[in-house]
Number of protein chains: 4
Amino acid sequence: MPKKSTKLAKPSAEGGDHPSATRGEMPASNRAARALERRAAIVEAAMEEFIARGFAATRLDDIAKRAGVAKGTIYLHFKDKESMFEELVRIVIVPVVARLTALPPPTGSVRDLIEAFAGNFLKEVIGTRRGDLVRLIVAEGPRFPAVADFYYREVVSRGIAAMRGLIELGIARGEIRQKDLARYPQILVAPAMIAVIWQSLFARHAPLDAQDMLRVHLDLIFGERRTT
Amino acid sequence: MPKKSTKLAKPSAEGGDHPSATRGEMPASNRAARALERRAAIVEAAMEEFIARGFAATRLDDIAKRAGVAKGTIYLHFKDKESMFEELVRIVIVPVVARLTALPPPTGSVRDLIEAFAGNFLKEVIGTRRGDLVRLIVAEGPRFPAVADFYYREVVSRGIAAMRGLIELGIARGEIRQKDLARYPQILVAPAMIAVIWQSLFARHAPLDAQDMLRVHLDLIFGERRTT
Amino acid sequence: MPKKSTKLAKPSAEGGDHPSATRGEMPASNRAARALERRAAIVEAAMEEFIARGFAATRLDDIAKRAGVAKGTIYLHFKDKESMFEELVRIVIVPVVARLTALPPPTGSVRDLIEAFAGNFLKEVIGTRRGDLVRLIVAEGPRFPAVADFYYREVVSRGIAAMRGLIELGIARGEIRQKDLARYPQILVAPAMIAVIWQSLFARHAPLDAQDMLRVHLDLIFGERRTT
Amino acid sequence: MPKKSTKLAKPSAEGGDHPSATRGEMPASNRAARALERRAAIVEAAMEEFIARGFAATRLDDIAKRAGVAKGTIYLHFKDKESMFEELVRIVIVPVVARLTALPPPTGSVRDLIEAFAGNFLKEVIGTRRGDLVRLIVAEGPRFPAVADFYYREVVSRGIAAMRGLIELGIARGEIRQKDLARYPQILVAPAMIAVIWQSLFARHAPLDAQDMLRVHLDLIFGERRTT
DNA sequence: AATGAATGAGAATTCATTCAT
DNA sequence: CATGAATGAATTCTCATTCAT
């Protein structure tokens with residue numbers, strides 16, 4: 001089925017940024033570019049389906065349909081359903097980690113830093129597809145040790161370490177009173193994680209103002225801010 | 001595993017004494033009692049399997065085997081796999097809620113109350129089958145709105161309400177400084193939830209001293225305790 | 001697991017020998033008997049299909065259809081296609097070997113013995129389903145070492161040994177001149193094997209009077225018979 | 001593996017010299033010669049694969065890989081898998097028949113002739129790829145009537161006729177006693193065929209000295225040779 | 001001519017559900 | 001009531017064949 005789309009060909013012409021262009025416009029693009037597009041479409045579709053149904057209940061057929069490719073095409077990119085799932089998590093998480101790792105230079109107060117961080121998290125994770133991915137990992141982790149390992153190694157342990165660094169800095173600067181907090185950076189991120197899960201599960205029962213909640217939580221840790 | 005065999009016993013006799021002597025717990029066990037036992041065995045087995053594999057990947061065959069009944073027997077108690085799952089969550093959660101609802105009379109400080117509560121939670125939920133059930137609900141909730149609804153209604157909303165009550169009491173008594181906390185009781189329970197998830201997913205990567213973490217968190221909310 | 005076995009119970013009633021009864025006629029037969037019937041039907045059908053198409057080209061669907069069972073039923077009896085094939089060969093060959101092993105008492109001349117044997121072979125193997133099975137083993141042997149091993153162990157090595165015994169007896173009694181023949185019993189059976197293969201492959205090109213050919217071959221070995 | 005790349009060379013030039021210098025065998029190799037080479041490589045590879053796995057289990061992908069061509073290239077030479085198989089048998093067998101047909105002039109005794117023949121067969125067929133081809137034909141014959149027909153017509157019937165001629169000559173010259181043998185030349189070749197099959201299937205269980213066996217067999221037919 | 005990515009029909013296998021015993 | 005053999009729809013994965021480059 002000719003699904004050409006030049007997306008990345010001559011990036012000079014028509015900004016190649018809107019990746020979900022409805023396709024079909026440009027007959028030029030080459031094979032490799034197409035393959036990449038297809039792969040991206042598969043990844044996108046698979047993520048969508050896995051999030052919506054979980055690993056076991058997701059049908060490759062549906063992924064293929066959603067990605068606009070034939071079933072067999074999936075197997076040109078992934079060995080089987082399991083490794084597709086495992087690779088998927090990597091593929092989606094790596095760039096997120098990369099972006100977060102490229103932290104802004106630590107200027108200003110620790111609280112400001114953490115607030116910036118939380119703001120980012122709020123915008124990029126809570127209530128987004130990325131947040132659903134976190135829930136998916138929580139859901140499937142026990143059956144996919146490789147995924148849990150990867151997630152722990154790349155995200156959790158790094159995140160914990162970074163938070164611990166910030167907490168210690170906060171303590172050193174006198175912004176944070178409670179010294180024990182450095183032993184459990186989990187406490188710092190717990191409400192954010194809960195917000196992620198809440199949005200996935202209970203948003204429709206009781207919407208949660210995650211931003212406000214995180215502010216309250218930071219007040220708890222740093223002391224209430226004197227309203228400027 | 002109960003492999004009774006009254007099957008060929010004269011059904012008239014009905015007395016479950018002689019042939020099925022293998023089980024000794026219930027002296028005058030009659031049909032109804034047996035049925036209840038079976039049902040309980042099925043519930044127990046199903047919970048184990050669902051927790052271990054998730055809904056979709058769980059085989060009724062395995063549940064039957066584990067429960068020591070025939071596959072068909074399951075259908076005498078549950079309409080199908082889906083409703084079995086939904087009922088299961090109810091069946092398992094209701095008594096827990098019942099017990100928690102029968103709160104101890106609120107004597108002593110709020111912190112003591114909450115600590116008692118946390119201690120309970122620690123013992124009864126974190127790192128136990130019950131904790132896994134929470135993870136299971138997080139995992140399957142999106143595909144089982146009925147489950148998410150039920151869980152929200154029976155557990156989450158009540159828990160939040162109860163916590164809010166305690167927080168307000170704490171504020172009124174001057175134990176808790178930060179008044180905004182009453183708006184987000186989630187913050188109070190977040191570390192406990194995180195502990196539940198952590199034990200399921202990352203215990204083997206980095207063990208977590210949940211008890212200590214919860215103490216630190218309470219110190220954060222109530223102020224550090226002057227070490228008696 | 002209640003595997004009652006009335007199967008062999010009253011063997012007096014209703015002769016249980018016609019296993020391929022078109023089913024449905026006799027409402028009496030019990031579960032176990034039915035299961036055996038089904039199994040036999042599957043074996044029969046599978047043999048038919050494997051012989052006709054070879055292992056790889058045979059569809060389980062067709063076997064099921066021919067056996068009059070559902071696809072899933074096959075898996076109640078055999079682990080998968082491969083082990084079905086391997087077991088099949090055993091199942092079909094064992095009784096044949098058993099019958100041949102129960103040799104008639106070696107009275108009369110060696111030639112008479114071998115002729116009796118050849119007659120049997122002619123009737124029971126050449127040009128029959130059993131002969132086709134031999135061709136099937138030749139065809140699939142290299143891909144099914146287990147089958148080749150089994151066939152060598154149970155049929156070939158025994159057959160060779162038996163033939164060698166007869167040849168040595170014939171030499172001792174002066175019926176066979178050429179002593180070297182005892183080293184290659186294969187020579188004795190070669191024409192019979194060729195006849196088997198010929199019937200499978202070339203019967204329609206040029207029919208072969210296997211009986212006469214075997215007689216000529218025996219004349220070659222024992223000397224021409226003076227027509228009594 | 002020939003991975004030439006004239007693909008982008010100016011098709012006008014046609015000279016296979018500069019860009020595709022990788023292969024040195026054929027000084028002025030032009031398109032047609034290359035095509036023939038490829039075809040030969042495909043035939044060779046296909047034969048290997050078909051012999052190793054049988055028709056149905058052989059993947060075109062593997063043939064292509066082994067032949068060092070792309071999958072699509074196979075379709076430039078053969079209509080589809082089936083006709084490839086049928087043509088293959090022809091392609092491989094024809095030259096063998098041609099060589100055998102160009103018999104050495106019948107000088108010397110019939111036994112010498114047949115021995116020469118057997119020696120040839122021993123060297124060129126038994127235990128070689130060619131022998132495996134015979135087994136392949138036995139295996140696939142029933143599913144490929146065209147192959148069986150061809151093989152019967154070109155090889156079997158001719159071989160039988162030739163053998164009959166030799167036998168009759170042997171009878172006429174008094175070398176062979178048993179006149180009936182002329183009716184069943186199959187008897188003459190049976191041990192050779194058995195040797196072919198034995199090497200394919202049972203060589204690892206019990207090696208067979210085919211040469212010695214054939215000698216014994218000829219002794220049986222011609223009388224034991226007085227050891228010169 | 002040659003390539004190999006893409007296709008999708010087809011085959012093996014699984015498992016929830018039914019029902020005769 | 002209980003059983004578990006039987007069913008067949010559904011799902012994953014393979015591979016011959018096509019066709020744009």
Side-chain angles (χ1 to χ4, degrees), chain A residues 1-4 27 29-32 34-35 38 56-62 64 69-82, chain B residues 3-8 11 14 31-32 34-35 38 56-64 69-77 79-82 84, chain C residues 1-4 27 29-32 34-35 38 56-62 64 69-77 79-82 84, chain D residues 2-8 11 31-32 34-35 38 56-64 69-77 79-82 84:
Chain A
M1 230 144 277
K3 289 245 164 118
K4 70 271 97 102
S29 95
N30 54 45
R31 285 249 263 275
R34 298 258 201 82
R38 275 167 198 280
T58 290
R59 290 184 295 267
L60 289 197
D61 240 350
D62 289 343
V69 302
K71 238 180 318 168
T73 304
I74 293 177
Y75 289 87
L76 297 177
H77 294 273
F78 301 96
K79 183 175 152 291
D80 58 15
K81 198 183 169 189
E82 285 210 5
Chain B
K3 287 246 163 119
K4 76 283 78 76
S5 56
T6 346
K7 199 171 69 183
L8 296 179
E14 175 152 44
R31 284 229 198 118
R34 296 254 202 79
R38 276 168 199 282
T58 290
R59 290 185 293 270
L60 288 198
D61 239 343
D62 290 342
I63 293 177
V69 303
K71 232 187 318 177
T73 305
I74 294 176
Y75 286 86
L76 299 174
H77 294 272
K79 178 173 156 292
D80 59 17
K81 199 186 172 190
E82 287 212 3
M84 172 163 61
Chain C
M1 232 139 280
K3 283 249 165 113
K4 69 269 104 67
S29 92
N30 54 44
R31 284 249 264 277
R34 296 255 202 82
R38 275 167 197 280
T58 290
R59 290 184 295 269
L60 288 197
D61 239 349
D62 289 344
V69 303
K71 240 181 315 170
T73 304
I74 293 176
Y75 288 87
L76 297 176
H77 295 274
K79 182 176 152 290
D80 58 17
K81 198 184 170 190
E82 285 210 5
M84 173 161 62
Chain D
K3 288 248 165 112
K4 77 284 78 73
S5 53
T6 344
K7 200 169 66 184
L8 296 179
R31 284 231 199 119
R34 295 256 203 77
R38 276 167 197 283
T58 290
R59 290 186 293 270
L60 288 198
D61 239 343
D62 289 343
I63 293 176
V69 302
K71 231 184 324 172
T73 305
I74 293 176
Y75 286 86
L76 298 176
H77 293 272
K79 179 172 155 290
D80 59 16
K81 198 185 172 191
E82 288 211 2
M84 173 163 61

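Order of the sequence lines fixes the chain letters, A, B, ..., with proteins taken first and strands second; residue numbering starts at 1 for each chain.
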Minimum-distance nucleotide (side-chain atoms of [X] versus [options]):
X	options	value
C:Leu60	E:dC15, E:dT13, F:dT7	E:dT13
C:Asp80	E:dT13, E:dA6, F:dT17	E:dT13
D:Thr73	F:dT7, F:dT18, E:dT3	E:dT3
D:Arg59	F:dA16, F:dC13, E:dT13	F:dA16
C:Ala35	F:dA6, F:dT11, E:dT7	F:dA6
B:His77	F:dA2, E:dT3, F:dT3	F:dA2
C:Leu76	F:dT14, F:dA5, E:dT17	F:dA5

Taking atom [atom2] of [N] as reference, at what distance in whole Å does atom [atom1] of [X] sit?
X	N	atom1	atom2	value
A:Glu82	F:dT11	CD	P	17 Å
C:Asp61	F:dA9	CG	C1'	12 Å
C:Asp62	E:dG10	CG	P	12 Å
D:Ile74	F:dC15	CD1	P	14 Å
A:Tyr75	E:dG10	OH	C1'	14 Å
B:Lys79	E:dT17	NZ	P	8 Å

Below 4.0 Å: OP1/OP2 of F:dA2 and any side-chain N or O of B:Arg38: yes
Is C:Arg34 near enough to E:dA20 that one of its side-chain N or O atoms lies under 4.0 angstrom from OP1 or OP2?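 The answer is no; no side-chain N or O of C:Arg34 sits under 4.0 Å from OP1 or OP2.
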Compare every heavy atom of [Y] with every heavy atom of [X], then report the nearest pair and how far apart it is.
X	Y	value
D:Lys81	D:Leu60	CG-CD2, 3.9 Å
C:Ala57	D:Ala56	N-CB, 4.0 Å
B:Arg38	B:Thr73	CD-CG2, 4.4 Å
D:Ala70	D:Ala64	C-CB, 4.0 Å

Determine whether any donor atom in the side chain of D:Lys71 lies under 3.5 Å from an acceptor atom in the base of F:dT17, or the reverse, and answer yes or no.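 Looking at the base of F:dT17, it does pair with a donor or acceptor on the side chain of D:Lys71 (distance under 3.5 Å).
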Closer to the 5' end of DNA chain F via nearest nucleotide, is it B:Gly72 or A:Thr58? B:Gly72
Under a cut-off of 3.5 Å for both distances of each Watson-Crick or G-U pair, what dot-bracket string does DNA chain E give, using [ ] for crossing pairs and | for inter-strand pairs? .||||||||||||||||||||
Look up atom CZ in A:Arg59 and atom NZ in A:Lys71, then write down how far apart they are to the nearest 0.5 Å. 12.0 Å
Between B:Lys81 and A:Ala70, which residue's closest nucleotide on DNA chain E lies nearer the 5′ terminus?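 In this pair, the answer is A:Ala70.
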